Novice: 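One structure, pasted below without further comment.
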Amino acid sequence: MTTVVRIIDLIKYYELGSVLVKALDGVSLTVHEGEFVALMGPSGSGKSTLLNLLGCLDRPTYGHYYLAGQDVAGMPDDQLSDIRSRFLGFIFQQYNLLAQYTVVENIEVPLLYQERRLTEETRQRCIELAELVGLGQRLDHRPMQLSGGQQQRVAIARALVNDPQVILADEPTGNLDTRTSEEIMQLLTRLNQAGKTIIMVTHENDIASWAKRVVRMRDGIVETDELNTPHWLRDGATVSA
Amino acid sequence: MLLFIPTVVVERGWRNIVLAVRSLWLHKLRALLSVLGIVIGTAAVIALMAFGEGSMQDALADIERQGATNIIVRSVKPPDESATQSRSFFAVYGLTEQDYERLHNIDTIIRDVPLRVFRQEIRYLGSMHVGRMVGTTQHYTIVHQTNPIAGRFLTADDEEFRRNHAVLGWTVAKQLFPLQNPLGETIVIGKHLYKVVGVMPERMPTGGSGGSQAAEEFNDDVYIPLSTCNSRVGARVFLRQTGSRSGEQVELHQVTLTVSNMDKVRPTADVVRDLLVRFHGPKKDWAMTVPLDRLDEAKRAKNRYKMLLVLIASISLLVGGIGIMNIMLATVTERTREIGIRRALGAKRRDITFQFLIEAVVQTGIGGILGVVLGLGIAIILPWLWQLITGSHLPAKIHEGSIGLSLGVSLVVGVLFGWYPAQRAAKLDPIEALRHV
C-alpha cells in the first residue's frame with residue numbers, strides 16, 4: 001500500500017499573549033492510499049490544527065510532514081499553494097462555494113490556480129463530476145439557488161477535480177440534517193470505495209462510524225488510533241450506488 | 001512553451017476581468033457610487049478641455065480676423081491734452097499724412113490701409129442710422145479679409161477721382177434698405193450725397209484686448225474713398241457737445257500695415273515704434289497693436305488653463321482614487337472568506353493580488369468610460385442649451401487626446417489605489433480568512 005500522508009512528531013505551538021498554547025504536542029500519523037480516517041476529539045484537542053497542517057494551510061513549529069513523498073513542512077507559501085491546488089481536496093462544513101460562480105465554475109476553481117489552461121476537456125471533466133454527485137441538471141445554477149446538501153455535493157465535486165492525493169473534510173455534515181448527512185456520507189463512502197483517500201474531522205460518533213479508521217485526539221496528542229468496521233458493513237447493508 | 005505561458009496569462013487576465021465584473025454586479029449600486037469620484041473627475045476634464053479648446057479656437061479666429069501679419073497703429077487722444085493746451089481751441093494729435101508716408105516706405109510692409117473714422121448720421125429718404133463713416137482705400141478688403149456680398153468695394157479709381165461712392169456695412173444696409181436693393185441708390189452722409197456701390201457681409205466684431213485695442217463693431221460702417229473723405233471733411237473737425245464746443249485735428253485715425261511674413265512682424269513693429277517715437281517725441285498720441293502678440297497671450301492663457309485643469313483633474317482623481325481604495329478595503333474585509341476559500345483551493349498570494357487589482361482597475365475603467373460619456377454629453381449639450389437660453393455662443397471643441405488621456409489616467413488610478421487593498425487581501429492568513437463569518 002502506498003503511503004499518502006506521513007507526519008512525524010508534529011508540534012504546533014501558539015503564543016496567545018504571554019501564554020504558550022500547545023495545540024499539537026508531538027503527533028505522528030501515517031495514512032495509506034484508500035484509507036477513510038475519521039479524526040475525532042473534543043474542542044481544543046488539536047484536531048482542527050492537525051487538519052490545517054494536513055491541508056498545508058499552516059506550517060508546524062517542529063516536525064515533518066510528507067505528502068506524496070515530499071516534505072512540505074518547511075515549504076514557502078507559494079509552494080504550499082501549489083501543493084494545495086495539485087494534491088489536496090477540501091470539503092468544508094460551510095460548503096464554501098463562491099457566490100459569483102455557477103456550479104460548473106465552482107468545480108473548476110482548483111484548476112484555475114494550476115499552471116495549466118482550462119480547455120473544453122477540463123470543462124467536460126467538471127460537468128462529469130457534477131453528474132457524478134448528482135447535479136447534472138443544475139450546471140448553471142448559482143450556490144444561492146441550491147440547498148445545503150446540493151451545495152455540499154458541489155463542494156465534493158470540487159474536491160475531486162484535481163484528482164487529489166487526499167481529500168480533507170472538515171465536519172462535512174455539520175450543517176446538514178440527518179437524512180442529507182446520510183446521503184453525503186454515502187457519497188464519500190462511494191468515493192472511498194473507488195480508491196479515494198479521505199481524512200475527515202468530526203465530533204459525531206454517528207458520522208465517524210462511516211470511516212474505516214478512527215483517530216481520537218486529546219490535548220494535542222493522539223489518544224487512540226483504531227480500525228473501525230463501517231456501520232454499513234456491520235449492519236450487513238450495502239451502500240446504494 | 002513560450003507561446004503556451006502567455007496564453008495562460010491572457011486567459012487568466014480575461015477570467016479575472018469577467019470575475020471582477022460579476023463581483024461588481026453583485027453590488028451594482030455600491031460599485032457605481034464608489035466610482036462617482038472618477039466619473040466626475042473624468043467628465044470634468046473632458047468637458048473643461050472641450051470648452052478650453054473651443055474658446056482658444058475662438059480667440060485664434062479672432063486674431064486671424066485682425067490678421068496675424070498685421071500691425072495696427074491708431075491715433076489716441078492723449079489724456080493730458082485738454083489741460084496743457086487749454087488755450088488752443090483745437091486738439092491736434094494723432095497720426096499724420098507724413099507718418100503714413102514714412103511707414104509706407106518700410107521695406108517689409110507690403111500693404112497699408114489708412115483710415116479716417118467719423119461718427120455720422122447716414123440717411124436714406126426718411127430712414128436714418130448713426131454709424132461710422134470710414135474713409136479708406138481699396139486694400140481694406142484684403143487687409144481685413146472680407147469681401148462685399150453685393151456690388152463691389154472701393155477701387156483705385158474711386159480714390160483717384162474722389163468719387164462719391166459708398167460701401168455699406170451690414171447693419172446700415174439693413175436699417176436703411178430693409179426691403180430694397182441698396183445698390184445704385186443715393187444716401188446722405190452728413191450733408192453729402194453718395195452712391196451705394198456695395199454692401200459688406202455681417203462681420204464678427206473684434207474683441208477688445210484692453211489698453212489701446214478697443215472692441216470694434218464693423219457692421220455700422222460706411223466706407224468711402226479716403227480722398228473723398230479728406231476733401232469733404234478737411235483736417236479739422238468740430239465736435240459739438242452739450243454746453244461746450246471743441247475741435248480736433250486728426251489726419252489719420254488708423255493705419256493698418258500688413259507685413260510680408262509672420263517672422264518679420266516683430267522687427268517691423270520695432271521699426272514702426274522707433275519711427276513714431278522719433279517724430280512724436282514724448283507725446284503719446286498714438287498706439288500700436290500687434291495681433292501676433294495677442295496670439296502669444298492666448299497661448300499663455302491656454303497653458304495657464306491647462307495647468308489649472310491638470311490641478312483640478314489631479315484633485316478629483318485623487319479623491320476618486322481614495323474612494324476606490326476605501327471601497328476596495330471594505331470589499332476585501334467583506335470577502336475575507338472568499339479569499340480564504342481561494343487560498344485553500346490553491347491560489348497564491350499573487351493570484352489574490354491580481355484578482356483584486358483587476359477588480360479595482362475594472363471599476364475605475366468603467367468609471368472612466370462613464371466619465372468620458374458624461375463629459376462628451378456636457379460638452380455637446382451645454383453649448384446647445386446655452387445657445388437656447390442666452391442666445392450667445394459657447395465655444396466647445398472636443399479634444400480627442402483628452403479622451404485617451406483621461407481613460408488611461410483612470411486605469412492608472414485603479415492600479416495605484418487598488419494596490420494597497422489587494423496587498424491586504426493577499427496577506428490574509430488563509431486559516432483566519434476561512435474562519436471569517
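Order of the sequence lines sets the chain letters (A, B, ...), proteins ahead of strands, with each chain counted from 1. As the structure is a computational prediction, the values presented were derived from the model and not from experiment.
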Novice: Any chance you could lay out the side-chain contact (heavy atoms from CB on, under 4.5 Å) test for Leu434(B) and Gln94(A), step after step, and finish with the verdict?
Specialist: CA-CA 10 Å; Leu434(B) 272 173; Gln94(A) 310 283 350; over 6 Å; no

Novice: Take Val37(A) and Ile198(A) through the test side-chain contact (heavy atoms from CB on, under 4.5 Å) and record every step on the way to the result.
Specialist: CA-CA 6 Å; Val37(A) 182; Ile198(A) 300 173; over 6 Å; no

Novice: Under 4.5 Å heavy-atom distance to chain A, tell me which part of Arg337(B) shows up: side chain, backbone, both or neither.
Specialist: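 Answer is side chain: those atoms of Arg337(B) sit under 4.5 Å from chain A.
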
Novice: Check this for me, if you would: do Arg335(B) and Glu359(B) make a salt bridge, where the nitrogen-to-carboxylate-oxygen distance has to be below 4.0 angstrom?
Specialist: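 A salt bridge links Arg335(B) with Glu359(B).
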
Novice: Between Arg86(A) and Asp163(A), is there a salt bridge with N-O shorter than 4.0 Å?
Specialist: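 The answer is no: the pair does not qualify as a salt bridge.
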
Novice: Are more than 12 heavy atoms from other residues, nucleotides or ligands located less than 6.0 Å from atom OH of Tyr14(A)?
Specialist: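 Above 12, so yes.
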
Novice: Are there residues of residues 46-57 of chain A whose heavy atoms fall under 4.5 Å of chain B's heavy atoms? If so, which?
Specialist: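 Checking residues 46-57 of chain A against chain B gives Asn52(A), Leu57(A).
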
Novice: Are Arg342(B) and Glu338(B) ion-paired here, with the side-chain N under 4.0 Å from a carboxylate O?
Specialist: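 So Arg342(B) pairs with Glu338(B) through a salt bridge.
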
Novice: At a 4.5 Å cut-off on heavy atoms, which part of Leu88(A) comes close to chain B: side chain, backbone, both, or neither?
Specialist: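 Contact with chain B is absent: no heavy atom of Leu88(A) under 4.5 Å.
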
Novice: Any ion pair linking Lys12(A) and Asp58(A) (charged N to carboxylate O, less than 4.0 Å)?
Specialist: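 Counted as a salt bridge, because a side-chain N and a carboxylate O are separated by less than 4.0 Å.
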
Novice: Less than 4.0 Å between a side-chain N and a carboxylate O, is that true for Lys427(B) and Asp77(A)?
Specialist: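 Salt bridge absent between Asp77(A) and Lys427(B).
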
Novice: Ser314(B) and side-chain contact (heavy atoms from CB on, under 4.5 Å): which partner among Leu311(B), Val310(B), Leu317(B), Leu318(B)?
Specialist: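 It is Val310(B), the one option of Leu311(B), Val310(B), Leu317(B), Leu318(B) that forms the side-chain contact (heavy atoms from CB on, under 4.5 Å) with Ser314(B).
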
Novice: With only heavy atoms counted, which part of Gln114(A) is less than 4.5 Å from chain B, the side chain, the backbone, both or neither?
Specialist: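 Just the backbone, heavy atoms under 4.5 Å.
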
Novice: Tell me, side chain or backbone of Asp78(A) under 4.5 Å from chain B's heavy atoms, or both, or neither?
Specialist: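 Both parts, backbone and side chain.
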
Novice: Among Asp82(A), Leu112(A), Val109(A), which residue has the highest count of heavy-atom pairs closer than 4.5 Å to chain B?
Specialist: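 Top option by heavy-atom pairs under 4.5 Å: Leu112(A).
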
Novice: In terms of heavy-atom proximity below 4.5 Å to chain B, should Arg158(A) be classed as side chain, backbone, both, or neither?
Specialist: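 Contact with chain B involves the side chain of Arg158(A) alone.
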
Novice: Does any backbone or side-chain atom of Phe92(A) lie under 4.5 Å from a heavy atom of chain B? Answer side chain, backbone, both or neither.
Specialist: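 Just the side chain, heavy atoms under 4.5 Å.
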
Novice: Where on Arg15(B) is there a heavy atom nearer than 4.5 Å to chain A: the side chain, the backbone, both, or neither?
Specialist: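 It is the side chain, since no backbone atom gets that close.
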
Novice: Val39(B) vs Leu374(B), test: side-chain contact (heavy atoms from CB on, under 4.5 Å). Steps then yes/no.
Specialist: CA-CA 8 Å; Val39(B) 174; Leu374(B) 184 65; 4.1 Å; yes

Novice: Measure distances from Leu80(A) to the heavy atoms of chain B and classify the residue's part below 4.5 Å as side chain, backbone, both or neither.
Specialist: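 When you check distances to chain B, no heavy atom of Leu80(A) falls under 4.5 Å.
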
